[in-house]
Amino acid sequence: MGYDAWAWMVWGRELAHLELATTGGPSFKPLPVIVVAPLSILGGAAPAVWLAGMRACAFASLVLAYRLGARLAGPAAGAVAVLGLALSADLYRTALLGSAEPALIALTLGAVDRHLDGRRDWTLVLVAVAGLIRPEAWVVLAAYGVYVWVREPRLRALAVAAVVLPPILWLGLDWAGSGDPLHAGATATEATEGSAASASVPALEVVRRAADAVIVPTLVLAAVGLVEAARRRDRRVLAIAVLAIAWIVVVAIMAEAGFTGTRRYLAAPAAAICVVSGVGFAWLLAAVKGGPARVAAACAIAALSLAPVFVRAREEGRTLSVARSQADQLDELRRAVTKVGGAAAVRGVGRPAVNPWLQTALAWELHTPLDDVQATWASSRRHPHWTPPALVFRAPARLAGPRPALRPGTRPRVVARSGRWRVLRAGA
């Protein structure tokens, strides 16, 4: 699992024991923590259950993409929507690393599907739950809440609850864990390498990342679908396209305000673009007269897709390699903890230190709050040096992030080895 997912494991365990501390680690988000809290009774099996859930959500996203494409323009549209989503930049990667984006995509597409069925109550609930993963969904939720308030007076109480509860839970839980309701926002705006906010024009960088989230043929077919939907005045397809564009605009505005604008924040609009691209494909084929001409057009589109498909396949291969490397590193780190006497022995020496990418994983293994594990981040002012006395877990930087930067005058000695890890006793 990735850095954020291990933080959610720690926070979920803490929430279950009413000891939530969110001052360390990544920016807080409530849904994973709320879900993991009851899973914490499973102990060491909780991470595996979470991973299985996110991968199930990834599969559900593909099913929903097909369902939406097929109901809008037929089976061909559904098939192309599935293919586009499967080849998108972040579905496979986030599912593999245990990120929450597969759940976000499934909730978003599920909400669209429920709306098309006239179930505005379910749509409100699903978008509200999505708002516990990404704050960008709050804008969509507020707009939809107003729509439901006007169109269905019987759902007004639900609309108010759906719009109000996500911000309350988000800010309230982080307030309880950090003493500051805006702590997550402050963490999310810290300067980090690769942040869209550090670009010369952050909004344009977000748009570039949105385009990079799907393959080029998907973008082209989505443009065809949007233009044709406008010509046909197809409100359903136009609404999905507007949803995607609005979400991207919100992320762009947030990047201008200093938020990171990471590409995976655009996973939900990317999925919507894939659905519109499927519709565009079906309508494009329908406009081509004659069976042989349609086959030729489909083959031409498939041929143009080959290069992006191969590029994406290489990227996913690297992602799988990284995931395997992370799993190996974690196994070696666990053995290192055992070699020095276990979690209690590590905690007894002082606040342990580790390469930053494994900070949250080590906190999970040691049953300790995230702040009780020291980590140095490149391009950040947080924890510029380790503070002895402590056990320092060090791995090569290319595997686990920047190596520990011991204070001048510290005399470390190796007390254990595990694979590529070295455990140092960092006395003063």
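Here, residue 1 is the first one in the sequence, and each next residue gets the next number. All values reported here derive from a predicted model rather than from experimental measurement.
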Testing the basics here: between P30 and L173, what is the closest heavy-atom pair and its distance to 0.1 Å? CB-CD1, 4.1 Å
Looking only at atom types and distance, does a side-chain atom of T262 sit under 3.5 Å from a main-chain N or O of R264, one as donor and one as acceptor? no
T218 (side chain) donor-acceptor with C274 (main chain) under 3.5 angstrom: no
Correct closest heavy-atom pair for E205 and A199 would be CB-CB, 3.8 Å
Roughly how far, to the nearest 0.5 Å, is CG of L104 from SG of C57? 10.0 Å
Under 3.5 Å: donor-acceptor pair, side chain of R67, backbone of D113: no
Polar side chain donor-acceptor pair, W6 to Q359, under 3.5 angstrom: no
Classify the ring geometry between W11 and F28 as parallel (under 30°), tilted (30 to 60°) or perpendicular (over 60°). tilted
Between D90 and R209, is there a side-chain N and carboxylate O pair less than 4.0 Å apart? no
Which distance, rounded to the nearest 0.5 Å, do you find between the CH2 of W149 and the CG of L155? 11.5 Å
Measuring only between side-chain heavy atoms, which start at C-beta, is D328 closer than 4.5 Å to R420? yes
Just wondering, do V337 and L362 contact through their side chains at under 4.5 Å, heavy atoms? yes
How long is the straight-line distance from CZ of R114 back to CG of L109, given to the nearest 0.5 Å? 12.5 Å
Keeping T123 on the side-chain end and A111 on the backbone end, is there a donor-acceptor pair under 3.5 Å? yes
For T94 and M54, what are the C-alpha separation, side-chain angles and deciding distance, and is it a side-chain contact (heavy atoms from CB on, under 4.5 Å)? CA-CA 8 Å; T94 55; M54 290 305 98; over 6 Å; no
I'd like to know if the side chain of W247 and the backbone of L266 have a donor-acceptor N/O pair within less than 3.5 Å. no
Nearest 0.5 angstrom please: W170 CH2 to I133 CD1, how far? 8.5 Å
Hey, does N355 have a side-chain heavy atom less than 4.5 Å from the side chain of F393? no
Specify the closest pair of heavy atoms between A7 and P26, including all atoms of both residues, with the distance to one decimal. CB-CD, 3.4 Å
pair L226-L238: side-chain heavy atoms closer than 4.5 Å: yes
Salt bridge present between R347 and D372 (N-O < 4.0 angstrom): no
Please assess D117 against R71 for the test salt bridge (charged side-chain N to carboxylate O under 4.0 Å, His left out), listing each intermediate value before the final yes or no. CA-CA 11 Å; D117 274 343; R71 77 184 297 169; 2.7 Å; yes
Looking only at heavy atoms, the pair that brings V349 and L391 closest together is CG1-N, 4.1 Å
Closer than 3.5 angstrom, by distance alone: can the side chain of R351 be matched with the main-chain N or O of D371 as a donor-acceptor pair? yes
Would you say the side-chain atoms of E136 pair up with the backbone N or O of V251, donor to acceptor, closer than 3.5 Å? no
Taking the side chain as every heavy atom from C-beta outward, state whether R263 and D212 have any atom pair closer than 4.5 Å. yes
Derivation and outcome, side-chain contact (heavy atoms from CB on, under 4.5 Å), residues Y265 and F259: CA-CA 11 Å; Y265 297 171; F259 290 84; 6.0 Å; no
Closest contact, heavy atoms only, W364 versus A46: CH2-CB, 4.3 Å
Nearest 0.5 Å please: distance from the CD1 atom of I215 over to the CG atom of L87. 5.0 Å
Kindly write out the residues that satisfy side-chain contact (heavy atoms from CB on, under 4.5 Å) with P202, not counting sequence neighbours, or none if the list is empty. A255, E256
Verify, without hydrogens or angle tests, whether W421 (side chain) and Q329 (backbone) share a donor-acceptor contact under 3.5 angstrom. yes
CG (L85) and OH (Y66) are apart, to the nearest 0.5 Å, by 15.0 Å
Do W8 and V35 pass the side-chain contact (heavy atoms from CB on, under 4.5 Å) test, and can you show the C-alpha distance, the side-chain angles, and the key distance before you say yes or no? CA-CA 9 Å; W8 303 332; V35 171; over 6 Å; no
side-chain contact (heavy atoms from CB on, under 4.5 Å) evaluation trace for V279 with I240: CA-CA 11 Å; V279 175; I240 296 172; over 6 Å; no
Please check if the side chain of S178 supplies one atom and the backbone of T22 the other of a donor-acceptor pair under 3.5 Å. no
Taking all non-hydrogen atoms of both residues, which atom of G98 and which atom of W50 are closest, and how far apart? O-NE1, 2.8 Å
Side chain proximity check, L116 to L68, heavy atoms < 4.5 angstrom: yes
Close side-chain approach of K339 to V423, heavy-atom, < 4.5 Å: no
Check: V148 and R120 side chains under 4.5 Å, non-hydrogen atoms: yes
